[in-house]
J.: 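Let me give you the structure first, and then I'll get to my questions.
This chain uses plain numbering: 1 for the first residue, then up along the sequence.
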Amino acid sequence: QEQLVESGGGLVQAGGSLRLSCVVSVPTFNRYMGWFRQAPGKGREFVADISWTGTIPYYSDSVKGRFTISRGNAKNTVYLQMNSLKPDDTAVYYCAVAQNPGVRVTTSANYWGQGTQVTVSS
């Protein structure tokens, strides 16, 4: 059974927008949820994460001001609104949920989604 199910990836022109969604069936209470991406030559890179309350978001410097992370009211969903996309944003994007409460996805073991391809042309 898939524990994290992602959607919203695709092909978009530079300057365009995409919205990624992730629905999870693992514990989310007091868990940070977020997104990573992986492109050739870069490894898996942190993009953004957010606290269970939805009031404490974090972003990598490369996406801050362009991407917005949020959680649904049910708190078993996480979204990544990506605006002003650049070719450098091209990567496979992975949803992540921290396995331990109160710990950011950058510092603990995570549950992982299957990944969705985002390709930015031009």
Side-chain angles (χ1 to χ4, degrees):
Q1 296 289 333
E2 293 180 325
Q3 295 182 303
L4 288 75
V5 180
E6 298 159 292
S7 62
L11 175 65
V12 66
Q13 292 182 311
S17 298
L18 287 172
R19 184 179 178 88
L20 305 183
S21 301
C22 179
V23 180
V24 307
S25 58
V26 300
T28 58
F29 179 78
N30 203 222
R31 265 76 168 179
Y32 278 80
M33 302 173 65
W35 297 89
F36 290 74
R37 65 187 182 185
Q38 187 167 22
K42 291 189 176 182
R44 188 163 294 189
E45 173 190 15
F46 168 74
V47 176
D49 65 350
I50 190 167
S51 64
W52 180 78
T53 64
T55 60
I56 310 175
Y58 297 88
Y59 301 94
S60 69
D61 289 340
S62 62
V63 307
K64 191 171 185 177
R66 300 188 297 120
F67 292 10
T68 303
I69 189 170
S70 61
R71 298 185 70 153
N73 290 336
K75 298 183 179 178
N76 68 332
T77 57
V78 63
Y79 306 97
L80 187 68
Q81 178 68 44
M82 304 184 294
N83 298 327
S84 301
L85 283 162
K86 305 174 181 179
D88 285 348
D89 296 318
T90 296
V92 177
Y93 283 71
Y94 298 91
C95 182
V97 177
Q99 293 186 10
N100 299 307
V103 180
R104 291 188 57 208
V105 300
T106 55
T107 60
S108 68
N110 299 319
Y111 300 102
W112 294 99
Q114 77 282 6
T116 184
Q117 178 70 47
V118 172
T119 302
V120 185
S121 65
S122 296

J.: Under the rule for side-chain hydrogen bond (donor to acceptor under 3.5 Å, both in side chains), what residues qualify as partners of D89, not counting sequence neighbours?
T.: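 Checked D89 against side-chain hydrogen bond (donor to acceptor under 3.5 Å, both in side chains); matches are R37, R66.
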J.: Would V12 and T119 satisfy side-chain contact (heavy atoms from CB on, under 4.5 Å), going step by step from the backbone distance to the final call?
T.: CA-CA 6 Å; V12 66; T119 302; over 6 Å; no
J.: Is there a side-chain contact between Y59 and T68, using heavy atoms and a 4.5 Å cut-off?
T.: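 Yes, close enough: below the 4.5 Å cut-off.
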J.: Side-chain contact, heavy-atom cut-off 4.5 Å: V78 with V24?
T.: no
J.: Identify the two heavy atoms, one from A14 and one from S122, that lie closest to each other, and give their separation to 0.1 Å.
T.: CB-CB, 4.3 Å
J.: Taking only residues two or more places apart in sequence, or in another chain, which ones meet R31 in a salt bridge (Lys or Arg N to Asp or Glu O under 4.0 Å)?
T.: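 For R31 there are no salt bridge (Lys or Arg N to Asp or Glu O under 4.0 Å) partners, ignoring immediate neighbours.
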J.: Any side-chain heavy atom of L20 within less than 4.5 Å of one from T116?
T.: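 In contact.
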J.: With the side chain counted from C-beta on, respond yes when Y79 and I69 share a heavy-atom pair under 4.5 Å apart, and no when they do not.
T.: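 Of all side-chain heavy-atom pairs linking I69 with Y79, none is under 4.5 Å.
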J.: For T90 and Q117, what are the C-alpha separation, side-chain angles and deciding distance, and is it a side-chain contact (heavy atoms from CB on, under 4.5 Å)?
T.: CA-CA 8 Å; T90 296; Q117 178 70 47; 4.0 Å; yes
J.: Are F67 and N83 packed together at the side-chain level, in the sense that at least one heavy-atom pair is separated by less than 4.5 angstrom?
T.: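 They are not in contact (no side-chain heavy atoms under 4.5 Å apart), so the answer is no.
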J.: State, to 0.1 Å, how close R71 and S51 come at their nearest heavy-atom pair, and which atoms those are.
T.: CD-O, 3.2 Å
J.: Looking only at non-hydrogen atoms, find the nearest pair between M82 and V118 and report the distance.
T.: CE-CG2, 3.9 Å
J.: Members other than I56 in its cluster, when Ile, Leu, Val, Met, Phe, Trp, Tyr link by side-chain heavy atoms under 4.5 Å?
T.: Y32, F36, F46, Y58, V92, Y94, V105, W112
J.: Using only atom types and a distance under 3.5 Å, with no angle test, would you say the side chain of Q13 pairs donor to acceptor with the backbone of V120?
T.: no
J.: Looking at Q81 and R19, would you say the former's side chain and the latter's main chain have a donor-acceptor pair under 3.5 Å?
T.: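 Absent.
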J.: Does the side chain of C22 come within less than 4.5 Å of W35's, by heavy atoms?
T.: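 SC-SC contact between W35 and C22 confirmed.
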J.: For N110, does its backbone N or O pair with a side-chain atom of Q99 as donor and acceptor, under 3.5 Å?
T.: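 Here the side-chain-to-backbone pair exists.
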J.: Do N100 and S108 get their side chains close enough for a donor-acceptor pair, meaning under 3.5 Å?
T.: no
J.: Could you report the tightest heavy-atom contact between E6 and G115, atom names first, then the distance?
T.: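 Closest heavy-atom pair between E6 and G115: OE1-N, 2.6 Å.
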